[in-house]
Every structure is written in C-alpha cells, then in structure tokens.
Amino acid sequence: MTDYRPSKRIIVTGAGSGIGRASAMAFARQGDTIGLLGRTEDELRKVAEEVEQLGGTAEILVADVSDAKAMSSAIRQFSERDGLHVMVVNAGINGVWAPIADLKPDEWDKTIAVNLRGSYLSIHFAVPYLRKSAKSAIVVISSINGTRTFTSAGASAYAATKAAQVALVKQLAVELAGDRIRINAVCPGAIETSIENNTTRRDTESVEVPVEFPDGDIPLTGGKSGKASEVASVVAFLASDAARHVTGSVIFVDGAQSLIR
Ligand code: NAD
C-alpha cells in the first residue's frame with residue numbers, strides 16, 4: 001500500500017498499449033485523472049473506457065510526441081485549468097535494428113525523434129505546470145538496452161536513446177530538485193507488449209555476437225517475459241508520495257535478466 005493521494009492529474013504518453021496502457025490502469029484504480037496521450041484516437045478511446053470502468057477519469061490527448069506544436073497544445077489542454085502532478089514519459093519505438101553501416105540517416109533520426117526528442121518535449125512542456133503543483137513527479141521509461149545490456153544486435157539507435165534518457169533523468173534530478181519535482185527512470189527487461197510490431201530488423205544476424213545464455217534468460221521467471229502491469233506498479237510507486245525522497249534513481253524491472261548478459 002502506498003500513501004498515494006487519489007486526486008492526482010497525470011499524463012501518460014504512449015497510453016494506447018503496453019506499459020503506457022497498464023500505467024493508466026494502475027492510476028485509474030487510484031481514482032486519478034489521466035491524460036491519455038498517443039497518436040491515434042481510436043486506440044486511446046478504448047483505453048479511456050477501461051480507465052473509467054476502473055474508477056478513473058480519462059482525457060484523450062492526440063499528439064505525436066516528436067511534434068513540438070502538438071505536444072505543447074496537448075499538455076496545455078490537459079494542464080492549464082486544473083494542473084498537472086505527474087508526467088509519465090513512456091511513448092517509444094524500437095525502430096529499425098540494422099548494422100550501423102546499413103542504418104539509414106532517416107531511420108536513425110526517427111528513433112531519436114520519438115524516443116529522445118519525445119522525452120525532451122514531454123518534460124519541457126510539462127515542467128511549467130509541474131512546478132505549480134506540490135509533490136510532482138516525472139517517470140521516464142528507459143530500458144535494460146543501452147543501460148545494462150548491449151546484446152540486441154543492430155539496436156544502436158534504440159540503445160543510444162535509452163542511455164540518453166537515463167542521463168537526462170540524472171541531470172534533471174539535480175536541476176528540478178529546487179522546484180521539488182522528482183524524476184526517476186524505470187528500465188524494463190523483456191515485457192509482453194506490442195513493441196515488436198514497431199520493430200524492423202534488417203540483416204541483424206551479421207552483427208550478432210553469439211552468446212550462449214543459461215537455460216531461461218530471465219532468472220526470476222525461468223525465461224518468461226514480464227507483464228506490462230509489473231512495470232506499471234513500479235511507475236505508480238515512483239509517482240506516489242511513498243517515493244517522496246527518491247529522485248535521479250533507476251529501477252530495473254527485469255527479473256534479473258540484465259545481470260546475466
Ligand atoms: P508498445 O508499442 O505497446 O507501446 C508504445 C506506445 O507508444 C504505443 O501506444 C504507440 O502508439 C505509442 N507511440 C509510439 N510512437 C509514438 C509517437 N511518435 N507519439 C505518440 N505515441 C507514440 O510498447 P511498450 O513495450 O509498451 O513500450 C513502452 C516503452 O517501454 C517504450 O519507451 C519502450 O522503449 C519501453 N520498453 C519496452 C520493453 C518491452 O520489452 N516491451 C522493454 C524495455 C523498455
């Protein structure tokens with residue numbers, strides 16, 4: 001049990017599926033108001049219905065996280081009148097995984113735009129509102145890729161964004177402390193979501209280093225992937241007042257997967 005205050009106003013980016021959707025569900029169970037931010041209204045409408053069924057309140061915010069104008073307007077729309085307490089920076093893509101000499105500049109740019117520029121824009125436009133709220137928090141969804149593991153062949157752009165998100169979190173933990181805004185990162189291991197649908201692999205075998213993992217490469221589950229809800233409960237903890245002295249921290253949610261690679 002956390003001493004989470006039930007009336008918080010929270011934006012979750014990439015709320016239409018996977019970890020973002022599960023985070024919205026976790027907040028909904030606490031009676032919060034959640035701004036569901038994503039690219040397609042249809043997907044978000046379904047999540048909004050689920051949020052309302054669980055006792056939360058949902059607002060649909062259609063925006064591409066890499067589009068400054070759209071992000072500014074979506075975050076203002078949600079926050080201007082009744083404020084913002086928590087920003088969950090979750091939207092992300094695997095993008096194209098390919099050998100570095102073959103990875104095209106626009107493929108590189110796309111992954112950086114969604115994962116890193118998207119993180120910057122989410123935080124940049126949220127901070128003026130978070131500053132006005134007491135006990136506000138930012139939670140960034142990074143990954144074990146680029147922080148502890150480097151074994152996803154061809155994932156150089158993805159790994160670079162995930163490492164950069166952790167650097168951003170640590171840098172901003174210091175900068176935003178004076179405003180009493182906490183910021184932390186969550187690094188999931190393999191989690192069952194639809195992220196594989198947004199992954200293009202091209203000739204990654206050529207840069208794969210053969211590594212023999214022990215039976216079941218996720219020790220805690222004997223190889224079974226984690227669930228989005230298992231990441232969401234950590235997101236909810238970091239957003240809550242139970243984590244009031246936690247900032248600039250990185251929590252791995254991976255069943256020890258990253259420790260044996
Ligand atoms: P997912 O594909 O189910 O969810 C990602 C969501 O982000 C989708 O709803 C998608 O529509 C949205 N999105 C993508 N690009 C967007 C954009 N430009 N603007 C707005 N929304 C956009 O995948 P997920 O696994 O839930 O991924 C969520 C986060 O978790 C990502 O940052 C990912 O890197 C991270 N992560 C996932 C895993 C995993 O194994 N699934 C592991 C480590 C980290």
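Note that ligands are numbered from 1 as they come in the structure, with each ligand's atoms numbered from 1 the same way. Note that the structure is a prediction, hence the values are computed from the model and not measured.
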Residues 74-81, side-chain donor-acceptor partners within the protein, below 3.5 Å, at least two apart:
{"residue": "Arg76", "atom": "NH2", "partner": "Ser72", "partner atom": "OG", "Å": "3.4"}
{"residue": "Ser79", "atom": "OG", "partner": "Ile75", "partner atom": "O", "Å": "2.7"}
{"residue": "Glu80", "atom": "OE1", "partner": "Tyr129", "partner atom": "OH", "Å": "3.0"}

Crowding at CZ, Arg261 (>12 non-hydrogen neighbours, <6.0 Å) = yes

remark   = On a heavy-atom basis, the closest approach of Ile112 and Ala157 is CD1-O, 4.3 Å

task = List, by chain and number, the other hydrophobic cluster members for Tyr158, where Ile, Leu, Val, Met, Phe, Trp and Tyr join if side-chain heavy atoms come within less than 4.5 Å, directly or indirectly.
result = Trp97

remark   = Applying salt bridge (charged side-chain N to carboxylate O under 4.0 Å, His left out) to Asp102 and not counting sequence neighbours gives Lys104, Arg202

query = Applying a heavy-atom distance cut-off of 4.0 Å, which protein residues contact ligand 1?
reply = Gly14, Gly16, Ser17, Gly18, Ile19, Arg39, Glu43, Ala63, Asp64, Val65, Asn90, Ala91, Gly92, Ile93, Val114, Ile141, Ser142, Ser143, Tyr158, Lys162, Pro188, Gly189, Ala190, Ile191, Thr193, Ser194, Ile195, Asn198

key: Cluster check Val140, Ile181: I/L/V/M/F/W/Y, side chain < 4.5 angstrom   = yes

